Structure formats: structure tokens, C-alpha cells
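Computed from a prediction, not measured in an experiment: that's the story for all the values here.
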Amino acid sequence: MWDKKCRLVTVTCVDLIDNLELTYSFDHNLELVHLRVKAEKDRPFPSISGIYWAAFLAENEIQDQFGLRFENLHPDYQGFLLLSRDAPRTPMLRQVEERGLNEDAV
Amino acid sequence: MPSRTVIPFGPQHPVFPEPLQLTLTVEDEKVVEAVPSLGYVHRGLEKGAELNDFVKNIYLAERVCGICSFMHSWTYCSCIEELLNIEVPPRAEYLRLIFAELSRVHSHLLWLGLYADAFGLESLFMQCWRVRERSLDMQEAAGGGRVILSACTIGGMRRNLDEDMRRAFIKEVAEIRRDFERLVPVFLNDYSIKKRTVGVGVLSKEDAQSLGAVGPTLRASGVRSDARMLGYGPYKEMDFEPVVEEDGDCYARGVVRVKEVLQALDLITRALERLPEGEIKVNFRGRLKGEVFKRMEQPRGEMLYYVRASRNKNLDRFRIRTPTFANIPPLLKMLPGCDLSDVPVITLSIDPCISCTER
């Protein structure tokens with residue numbers, strides 16, 4: 001992607017309950033190209049901020065919201081980019097009770 | 001070896017309209033490093049959207065930003081329309097374009113005013129905001145609100161333009177143009193503006209691309225990229241050409257926005273003249289299922305929406321990548337090497353919107 005001069009648009013994380021799904025979106029001459037990978041929740045995941053430095057914001061945000069640790073992330077906010085010290089941790093993860101609520105809604 | 005000092009710049013600073021903190025390391029008066037701190041206005045909107053029903057989310061999406069709120073509701077509605085396979089009537093699409101370009105006019109005029117204020121031109125700031133007021137009056141007359149319009153809805157629009165108002169709008173746009181054209185030479189030729197902006201905060205074409213800059217920040221560095229070129233909505237019928245400047249400095253970013261105001265006024269006039277007759281809203285039914293990525297061009301740059309749904313009423317994931325979120329890394333690239341006194345101008349030149357960034 002870097003060699004093709006693609007512009008990093010963003011990294012999106014979705015909680016699939018068993019694991020996390022990361023989608024890296026790139027722009028190449030106005031066309032969106034997506035790369036999708038699965039990440040395990042409790043294992044650190046390699047950061048792309050060494051190649052696309054701009055990814056550090058999105059990766060730090062995922063670290064805040066989903067609790068996924070990134071390896072070699074620079075700068076690393078340790079999960080406090082958006083959240084303050086006294087805020088609940090990993091707010092975007094699906095909680096068990098919320099899953100129950102969703103099943104009712106269907 | 002000069003000694004280094006660390007200066008916290010913001011979150012409360014006279015030039016910043018919103019709370020952003022930059023921790024600046026300076027050597028004498030030169031900035032060596034800048035590290036941002038965010039989180040002062042984080043509201044957890046993405047989480048809130050998962051708990052709400054998807055129709056209510058239109059109003060939530062509108063409140064992501066207090067300036068480009070219409071664009072947010074348009075992007076959100078078009079995501080849902082794509083998931084539900086709704087075809088929006090052409091009149092509604094044209095009305096959306098008119099409102100979207102109106103918010104571009106008022107957003108850029110707001111920014112040009114703040115920009116003038118950043119280097120101390122108080123009267124220019126007042127002049128810009130005076131012109132902007134007219135565009136807000138238009139929004140109020142047509143949409144019912146000055147900034148948050150709630151005019152866009154799934155399947156079309158909630159507000160229509162009658163024939164009298166359409167004619168009055170064409171006239172009003174011409175007057176806004178006349179007023180604004182009197183300010184244009186100041187932004188383009190004034191000695192003191194050039195002194196403060198030419199060659200300041202340069203972002204090269206390569207850096208702009210590799211750091212993922214968007215919108216006027218990207219186009220001022222010579223990259224021909226604008227999400228409106230994708231031809232969503234009626235843009236495909238408008239022969240749209242993006243405004244591009246080559247120099248990549250603060251001056252070029254100002255020029256891009258000045259030209260975009262004029263371009264947006266042109267687009268509004270053309271859309272008003274061609275406004276098709278017919279319905280403005282279709283009813284919808286169906287189950288939300290699937291996922292969609294959607295990009296649109298906001299005043300500050302390209303915005304990406306990701307909506308994923310597998311249930312009836314609620315969304316599984318709602319992600320917004322706003323333009324300022326993408327423009328912060330380029331900003332951190334522009335700052336090292338500049339004078340401390342230029343930090344406000346450079347920071348404002350990306351048009352930072354922190355409530356967008358943090359959501």
C-alpha cells in the first residue's frame with residue numbers, strides 16, 4: 001500500500017464478541033481499498049504506525065475504546081487518548097448484558 | 001546548545017475556538033516537537049449511536065459538529081438509504097446539495113474570520129462574519145434553524161423550497177457573492193497577511209499524501225483530490241472541478257478556501273436554477289442488513305462513515321472518521337521548525353474542529 005502511494009483513510013474496529021475485526025481503509029486515486037484482519041482480544045497486535053505514522057491516532061483510539069494493545073505504537077497514549085483516567089475502560093466492547101438487550105430488539 | 005522549554009499550548013487559548021492541547025517543545029523561539037492531547041470534549045457518540053434506534057441517529061449524527069451538521073446528516077442518511085435500497089427523489093438530492101454548499105459557505109467564512117483574527121485583523125474578522133450572517137439567514141429561512149437544521153431525513157428531505165423562496169435565494173446568493181468579492185483582494189494581496197502566511201507551515205505534496213491529509217489542507221499541497229469528484233448526489237451533473245494550489249503553505253490553504261466559497265456560491269446558484277420538480281421524500285421499509293462505507297466532502301475535508309447493521313433497529317457499529325482527525329498528523333509535521341508566534345496561524349490553517357475529532 002505504501003509503495004503504491006495509497007493514502008491511509010482510517011482504521012475501523014468492530015467487536016465480533018469472540019475477536020475484533022480491523023478494517024484498514026486506503027484511498028488510491030479516489031478509490032477505497034480495504035484490508036480486513038481479525039485480531040484476538042487479549043494478544044497485542046502489530047501497529048502500522050511505523051509505516052503510516054498517521055495511523056497512530058486511529059490505533060490509539062482503538063486502544064482506548066476496545067482495549068486492544070498495539071505493539072510498537074508511537075506515540076502511545078496507553079489507552080488515555082480520549083478517555084480520562086476516571087472514565088470506564090473499553091467502552092465500545094460489547095457487554096454481556098447488552099448482548100441480551102440486542103437479542104430482545106430483533 | 002540552546003536550552004529546551006516545554007510549553008503547554010491550549011486547551012484554553014485565545015485563538016482556539018475549541019479545546020485542543022499541544023505540548024510544544026521549544027528551543028529559544030523555534031518549535032522542535034509538538035504532541036497533541038485530546039479528550040476534552042469526547043462524548044461517546046459512536047457508542048450512543050449503537051444504543052439508539054437508527055432513525056434517531058440522524059439527530060445524533062447532526063450533533064457531531066456544530067458547523068457542518070448538515071453534511072453529517074446527509075452522509076448518515078445516504079448510508080442508511082444504501083442499506084435499505086432507497087432511491088431518493090432528484091429534487092431532494094438537489095436540495096441537499098444546496099444546503100450542503102450553504103454550510104460550506106458559512107463554514108469557510110467562519111474560518112476566514114477566525115484566520116484573520118489569528119493574525120490580528122479584527123475588522124476583517126467582522127467583515128467575514130457579517131457576510132456569513134446572510135448565509136445563516138438563508139439556512140434559517142429554508143431549514144428552520146441557523147446551524148442545526150434537521151432538514152435531512154432517510155428517504156429525502158423534510159423541508160422544501162417554494163418558488164418565491166427559490167427566486168429570493170438566487171438573488172441573495174448573488175448579493176453574498178458581491179459582498180464577499182470585496183473581501184477577496186484582501187485575502188489574496190494584503191501585505192500583512194502575506195507576511196504572516198507565505199512560506200509558513202509548508203506541507204509538501206508527498207507528506208500531505210503519506211500523512212493522510214484531507215480537504216483544503218491536501219489540495220493546497222497540490223493534490224487533486226476531493227470527495228465531491230466521486231460524483232455522489234447531483235455533483236455528477238455539476239461538472240465539478242476541485243480547487244488546487246501548489247505551495248502547501250498557510251497562504252495556499254487560505255486561497256483554496258477563498259476560492260471554494262466562490263465555487264460553492266456558483267454551485268448553489270446552478271442547483272437553484274436547475275432544481276427539478278417533484279416529490280422530496282419517499283417512504284421506506286425493510287430490514288437493515290449489511291455494511292457500508294461512505295465518503296463525502298465536508299468543508300474541512302473528506303469524511304468517512306462506516307455503518308454496519310445486522311439487527312432490525314439498532315446499528316452494530318457506527319464509525320465516523322472526521323476530517324480534522326485526519327489532519328492532525330499533517331499539523332504535527334508542519335509545526336516543527338516554525339516560530340512560536342506562528343503556531344496559532346498554522347494550527348488554525350487546518351481548520352481544527354475538535355468536537356468532530358473526538359465525537
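The choice from Ala227(B), Pro330(B), Ser210(B) that makes the most heavy-atom pairs within less than 4.5 Å of chain A is Ser210(B). Per-residue heavy-atom pair counts under 4.5 Å with chain A were compared for Glu206(B), Met229(B), Glu46(B), and the maximum is reached by Glu46(B).
Here the shortest heavy-atom pairing between Pro329(B) and Phe56(A) reads CG-CE2, 4.2 Å. Shown here for Glu61(A) and Thr357(B), the closest heavy-atom pair between the two residues is OE2-O, 4.5 Å. Nearest heavy-atom pair, Arg7(A) versus Gly212(B), reported as atom, atom and distance to 0.1 Å: CG-CA, 3.6 Å. Taking all atoms of both residues into account, the shortest heavy-atom contact from Phe325(B) to Leu57(A) is O-CD1, 3.3 Å.
With values rounded to the nearest 0.5 angstrom, Arg295(B) atom CZ is found 4.5 Å from Asp27(A) atom CG. Here the straight-line distance linking atom CZ of Arg228(B) with atom CG of Leu30(A) works out to 12.5 Å at 0.5 Å rounding. Separating the CG atom in Asp64(A) from the CG atom in Leu38(B) is a distance of 10.0 Å, to the nearest 0.5 Å. Distance CD/Glu291(B) to OG1/Thr23(A): 7.0 Å, rounded to 0.5 Å. Separating the CG atom in Asp207(B) from the CH2 atom in Trp53(A) is a distance of 10.5 Å, to the nearest 0.5 Å. Here the SG-CZ distance, from Cys13(A) to Arg317(B), works out to 6.5 Å after rounding to the nearest 0.5 Å.
Looking at heavy atoms from C-beta onward, Tyr77(A) lies in side-chain contact with Val35(B) at the 4.5 angstrom threshold. Phe293(B) is listed as a side-chain neighbour of Thr12(A), based on a closest heavy-atom distance under 4.5 Å.
In this structure, chain A has no heavy atom under 4.5 Å from any part of Asp53(B). With a 4.5 Å cut-off on non-hydrogen atoms, Leu81(A) touches chain B through its backbone and its side chain both. Using a 4.5 Å cut-off between heavy atoms, Arg224(B) makes no contact with chain A at all. For Glu31(A), the part lying near chain B is the backbone, with the side chain staying farther off; criterion is any non-hydrogen pair under 4.5 Å. Using a 4.5 Å cut-off between heavy atoms, Ala58(A) contacts chain B through both its backbone and its side chain. Of the atoms belonging to Phe80(A), not a single heavy atom falls under 4.5 Å from chain B.
A donor-acceptor contact shorter than 3.5 Å links the side chain of Arg319(B) to the backbone of Val11(A).
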Just do the side chain to side chain contact (heavy atoms under 4.5 Å, CB included) check on Leu304(B) and Leu32(A) with the steps written out, would you?
CA-CA 10 Å; Leu304(B) 178 112; Leu32(A) 267 186; 3.9 Å; yes

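Taking a cutoff of 4.0 Å between a charged side-chain nitrogen and a carboxylate oxygen, Glu21(A) and Arg308(B) qualify as a salt bridge.
More than 12 heavy atoms of other residues, nucleotides or ligands lie within 6.0 Å of NZ in Lys236(B), so this atom counts as buried by the packing criterion. Remark: Lys294(B) NZ is packed, more than 12 non-hydrogen atoms of other residues, nucleotides or ligands lying under 6.0 Å away.
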